[in-house]
Amino acid sequence: MTDIGPSNEDIAQILEELALYVELEGENPFKSRAFKNAAQTIRGIDVSLSQMIRQDKDLKQFTGIGKNIENKIKEIIQTGSLNKLQKLRRKYPEGILDIIKIPGIGPKQAIELCRKYGLKTQEDIYKFAKTGQLRLLRGFGEKKEQKVISFLDKLLSQKKSFKLPEVEPFVKQFINYLKEVKRIGDPFVVGSFRRKKDIIRNIDMLFKGSLEEVVPILKDYALQKNGGVIIRSQDKVEIEIKKKPNITIRLIEPSQFGIKTIFFTGSKKFNKELWEFSKEKLNIGNLWDDSIVLNLTEQEIFQKLDIEFISPELREGRGEIERGVKKCLPKLVEESDILGDLHIHTNYTDGRNTIQEYAQSAILKGYEYICITDHSKRLRMVNGLDEKAIRRQIEEIESINQDIQGIEILKGIEVDILEDGSLDLPNSILKDLDIVIASVHSKFQLPKRSQTKRIIRAMKNPYVNIIGHPTGRLIGRREPYAIDMDEVINCALETGCILELNSQPDRLDLNDYYLKLAKDAGVKICINSDAHDIHGLGLIKYGIYQARRGWLEKEDIINTLSKEEILKIISNKRV
DNA sequence: GCCGTTTTCGGCCCGACTGTTTTCAGTCG
């Protein structure tokens with residue numbers, strides 16, 4: 001029997017939901033955090049927990065999973081859910097977890113809004129706020145009401161959306177189900193998922209097959225997931241599963257598979273440009289429906305158009321067709337080009353593994369080097385390091401380096417950029433580190449002018465090598481802070497500062513658009529995992545996706561270079 | 001909840017910010 005049980009991501013989501021309810025219950029806050037930590041750990045594990053349980057393997061080997069959570073995971077895998085969670089869901093109004101997601105409203109106020117005022121969904125809150133009633137409540141006022149309104153204005157107007165890593169396991173499992181269990185021929189994912197966009201609203205898939213053949217299989221699958229199937233037309237079926245993106249399945253004539261693959265991979269803008277191009281090039285009316293492309297594969301169609309094959313990640317209408325015609329598309333970076341990770345948090349601060357453990361994992365990943373970059377002292381909440389602690393860490397790294405084979409551990413820091421652009425640590429300590437990442441972790445609301453000045457001042461410090469997550473966005477939760485990216489890019493070029501592509505799934509910062517801007521200007525990028533445990537090193541793959549969308553080649557990225565070459569670049573800036 | 005352990009229970013994430021409750025609770029990073 002093929003694995004159709006809960007994926008690790010599913011389990012992580014259930015534990016996260018539990019964490020929220022535990023918070024609502026007002027239980028020991030550390031309990032809630034334990035569930036969140038476990039969820040985070042599980043996201044990073046690349047073996048299926050369902051499989052591990054079947055093989056009777058011990059889950060307690062993972063940090064953050066003890067006896068209790070292990071039992072909960074077993075229950076999730078065996079029953080698809082958690083009794084405790086079901087009870088809690090019944091205890092509170094359905095929308096309460098969405099209410100907590102509104103910035104400025106926490107568990108205490110969410111409960112009060114529900115219990116006292118009967119506001120049970122985000123829509124309820126929105127209406128209440130719009131009529132000026134929210135500001136009258138205890139703990140609210142005009143400003144807070146406005147904040148709530150502007151957040152919900154944006155959120156309620158858009159369709160449900162998902163981060164790529166959230167849907168990846170779901171899609172994989174679905175394909176596996178079709179191939180292994182049902183032996184459906186060649187399910188093929190297209191659309192934004194194939195283009196590896198950071199946000200996915202819908203999964204598009206192509207099948208060769210007939211409605212009669214496919215629908216019962218899809219219904220069977222949807223049933224197992226408590227979802228439904230909608231037949232939209234003779235060649236289009238949609239699967240709806242709660243808390244997952246819809247899957248749109250299109251049934252394609254085998255002779256048209258190639259051209260439909262291009263069409264449904266998109267993007268719209270790319271399609272329009274390709275369509276225009278084909279009209280002239282091949283002297284045809286409609287590329288999507290012309291006999292000239294029948295029975296051709298996607299590759300063959302590009303050949304026919306005399307265009308170099310354009311990777312799906314590039315198909316956004318940003319000049320890729322023109323470059324394809326000239327046969328000079330970028331040779332996009334691959335994960336195997338990456339030789340090391342330069343942004344890692346250990347248990348000195350908010351990371352969950354030791355330097356030693358990271359080193360071992362990095363060796364297994366085939367890295368030549370890693371750089372340890374814990375937080376600086378201002379971030380007290382995570383035990384940010386002061387000079388003394390850094391000295392201690394430097395000593396430990398040097399001692400490990402003496403004993404360890406096959407990898408070099410570099411000494412670094414992720415130092416906070418303070419409000420005025422000065423740094424949270426003096427140069428006297430920064431100069432003793434191999435790599436300094438400087439990041440903004442506070443005062444996100446500064447006006448554009450001041451925020452830009454702040455970052456530029458940091459970049460001009462000779463010891464700052466990399467600007468961490470340069471726009472500070474948290475996908476779906478926090479907008480990027482206001483900065484003049486042109487100015488930042490220019491300054492990076494002038495100072496030799498490197499911009500980070502942070503691979504955390506909710507950051508992916510810089511985004512694809514800015515990456516291309518930076519690349520075109522000649523600014524170097526560093527793709528980092530920002531790992532908080534050893535499994536987090538694997539997140540680099542999402543950074544790679546984004547890098548490819550941003551046209552990046554191996555040459556644009558510093559951590560494709562050897563350690564010696566990187567250190568040379570850094571010492572150049574310090575002169 | 002988990003972890004580490006001097007194996008049985010105490011420590012774990014604490015301080016700044018916000019808006020308004022005027023002396024602080026709730027929220028956030």
Side-chain angles (χ1 to χ4, degrees), chain A residues 11-12 14-42 58-76 82 84-85 88 99-113 116 129 134-149 151 345 347-354 357 374-386 414 416-419 424 439-446 468-469 472-474 477-479 481 504 506-507 530 532-533:
Chain A
I11 296 168
I14 289 176
L15 290 176
E16 258 172 4
E17 191 181 340
L18 186 62
L20 286 173
Y21 279 117
V22 167
E23 218 173 311
L24 277 177
E25 289 278 281
E27 284 192 52
N28 177 359
F30 294 102
K31 199 168 170 178
S32 164
R33 196 172 312 146
F35 288 130
K36 280 185 200 163
N37 285 341
Q40 218 30 51
T41 300
I42 289 167
D58 186 14
L59 302 187
K60 293 194 292 297
Q61 60 176 290
F62 300 112
T63 341
I65 299 181
K67 197 165 161 235
N68 208 305
I69 293 184
E70 183 183 49
N71 283 335
K72 286 192 166 55
I73 295 172
K74 280 183 184 162
E75 191 188 331
I76 295 168
L82 257 185
K84 181 170 173 156
L85 182 61
L88 287 164
I99 293 177
I100 302 179
K101 285 185 194 137
I102 303 171
I105 300 183
K108 293 268 160 54
Q109 290 181 322
I111 288 183
E112 181 152 320
L113 290 168
K116 252 183 159 168
L134 193 61
R135 66 176 74 178
L136 306 174
L137 269 40
R138 240 174 68 95
F140 290 88
E142 225 172 293
K143 273 195 180 172
K144 210 159 169 180
E145 183 180 81
Q146 200 42 53
K147 203 173 148 191
V148 169
I149 290 176
F151 176 80
H345 296 274
N347 60 350
Y348 272 70
T349 60
D350 57 346
R352 287 180 288 275
N353 287 101
T354 62
E357 287 163 342
D374 275 307
H375 288 292
S376 64
K377 61 187 188 221
R378 203 201 66 90
L379 286 186
R380 281 166 214 270
M381 137 206 180
V382 299
N383 187 31
L385 307 185
D386 58 15
E414 182 182 15
D416 255 55
I417 304 177
L418 305 178
E419 187 174 353
D424 188 29
S439 306
V440 165
H441 288 120
S442 61
K443 294 277 178 187
F444 305 112
Q445 307 293 345
L446 287 187
H469 40 75
R473 72 163 177 174
L474 291 176
R477 281 190 291 149
R478 190 173 70 209
E479 291 294 309
Y481 31 75
Q504 291 287 316
D506 55 354
R507 289 194 183 273
D530 195 358
H532 284 69
D533 58 45

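Below, chain A is the first sequence line, B the second, and so on; all start at residue 1. Scope of the values below: all heavy atoms of this structure, side chains included, with no hydrogens, waters or symmetry mates.
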Indicate syn or anti for dT7(B), taking the glycosidic torsion and treating anything within 90° of 0 as syn. syn
Can you check nucleotides 26-28 of chain B for protein contacts, nitrogen or oxygen pairs under 3.5 Å, and list what you find?
residue, atom, partner, partner atom, Å
dT27(B), OP1, G106(A), N, 2.4
dT27(B), OP1, G106(A), O, 3.1
dT27(B), OP1, Q109(A), N, 3.3
dT27(B), OP1, Q109(A), OE1, 3.2
dT27(B), OP2, K108(A), N, 3.4
dT27(B), O5', G106(A), N, 3.3
dC28(B), OP1, G104(A), N, 2.4

Any side-chain heavy atom of L113(A) within less than 4.5 Å of one from L134(A)? yes
With no hydrogens and no angle check, do the side chains of K67(A) and N71(A) hold a donor and an acceptor under 3.5 Å apart? no
K443(A) atom NZ is separated from dA16(B) atom P, nearest whole Å, by 12 Å
Polar-atom pairs under 3.5 Å, protein N or O versus N or O of nucleotides 2-10 of chain B: list them with distances, or write none.
residue, atom, partner, partner atom, Å
dC2(B), OP1, G66(A), N, 2.9
dC2(B), OP1, G66(A), O, 3.3
dC2(B), OP1, N68(A), N, 3.4
dC2(B), OP1, I69(A), N, 3.0
dC3(B), OP1, G64(A), N, 2.8

Within the structure shown, what part of the strands sits under 4.0 Å from F35(A) by heavy-atom distance: base, sugar-phosphate, or nothing? sugar-phosphate
Crowding at CD, E27(A) (>12 non-hydrogen neighbours, <6.0 Å): yes
Take atom P in dC12(B) and the same atom in dG19(B), then report the distance between them in whole Å. 31 Å
In whole Å, I'd like the distance from the CZ atom of R380(A) to the P atom of dC17(B). 11 Å
Go nucleotide by nucleotide along DNA chain B from the 5' end; which of T349(A) and L137(A) gets its closest nucleotide reached first? T349(A)
Looking at residues at least two apart in the chain, or sitting in another chain, which of them share a ring pair (Phe, Tyr, Trp, His ring centres under 6.0 Å) with H345(A)? H343(A), H375(A), H532(A)
Determine all donor-acceptor pairs shorter than 3.5 Å in which one atom belongs to a side chain in residues 17-24 of chain A; sequence neighbours excluded.
residue, atom, partner, partner atom, Å
E17(A), OE1, R89(A), NH2, 2.9
E17(A), OE1, K243(A), NZ, 3.3
E17(A), OE2, R89(A), NE, 2.8
E17(A), OE2, R89(A), NH2, 3.4
E23(A), OE1, K36(A), NZ, 3.4

Please check if the number of heavy atoms outside Q61(A) that lie under 6.0 Å from its CD is greater than 12. yes
What is the distance, to the nearest angstrom, from the CG atom on N347(A) to the P atom on dC12(B)? 14 Å
Side chain to side chain contact (heavy atoms under 4.5 Å, CB included) partners for D506(A), two or more places apart: K163(A), L474(A), R477(A), Q504(A)
Excluding sequence neighbours, so at least two apart, what forms side chain to side chain contact (heavy atoms under 4.5 Å, CB included) with K108(A)? none
Between dT27(B) and dT21(B), how far apart are the P atoms? Round to whole Å, please. 15 Å
In whole angstrom, give me the gap between the C1' atoms of dC17(B) and dT23(B). 15 Å
Taking the C1' atom in each of dA16(B) and dG10(B), what is the distance between them to the nearest angstrom? 27 Å
Expressed as a whole number of angstroms, how long is the span from K143(A):NZ to dT21(B):C1'? 16 Å
If the condition is side chain to side chain donor-acceptor pair (under 3.5 Å), which residues does K60(A) pass it with, not counting sequence neighbours? D58(A), E70(A)
Between atom CG in L446(A) and atom C1' in dC17(B), what is the gap in whole Å? 14 Å
With sequence neighbours excluded, what pairs up with F140(A) under the ring pair (Phe, Tyr, Trp, His ring centres under 6.0 Å) test? none
Please report, rounded to the nearest Å, how far the C1' atom of dG19(B) is from the CG atom of L134(A). 13 Å
Round to a whole Å and report the spacing from CG of D506(A) to C1' of dG29(B). 13 Å
Checking all strands, does E27(A) fall into the base, sugar-phosphate, or nothing category for heavy-atom contacts under 4.0 angstrom? nothing
Considering only atom C1', compute the distance from dT8(B) to dC2(B) and round it to an integer number of Å. 14 Å
For dT6(B) and dG11(B), measure between their C1' atoms and round to the nearest Å. 15 Å
Qualifying residues under side chain to side chain contact (heavy atoms under 4.5 Å, CB included), relative to D386(A), sequence neighbours excluded: K377(A), K388(A), A389(A)
If you compare every side-chain N and O of K84(A) against the phosphate oxygens of dG1(B) (OP1, OP2), does one of them come in below 4.0 Å? yes
L136(A) has an atom CG; how far is it from atom P of dT21(B), in whole Å? 11 Å
Using both distances under 3.5 Å as the test, list the Watson-Crick or G-U wobble partner of dT27(B), or none. dA16(B)
Rounding to an integer number of angstrom, what distance separates dT7(B) and dG1(B) when you compare their P atoms? 24 Å
Once you apply a heavy-atom cut-off of 4.0 Å, does N37(A) come out as touching a base, just sugar-phosphate, or nothing? nothing
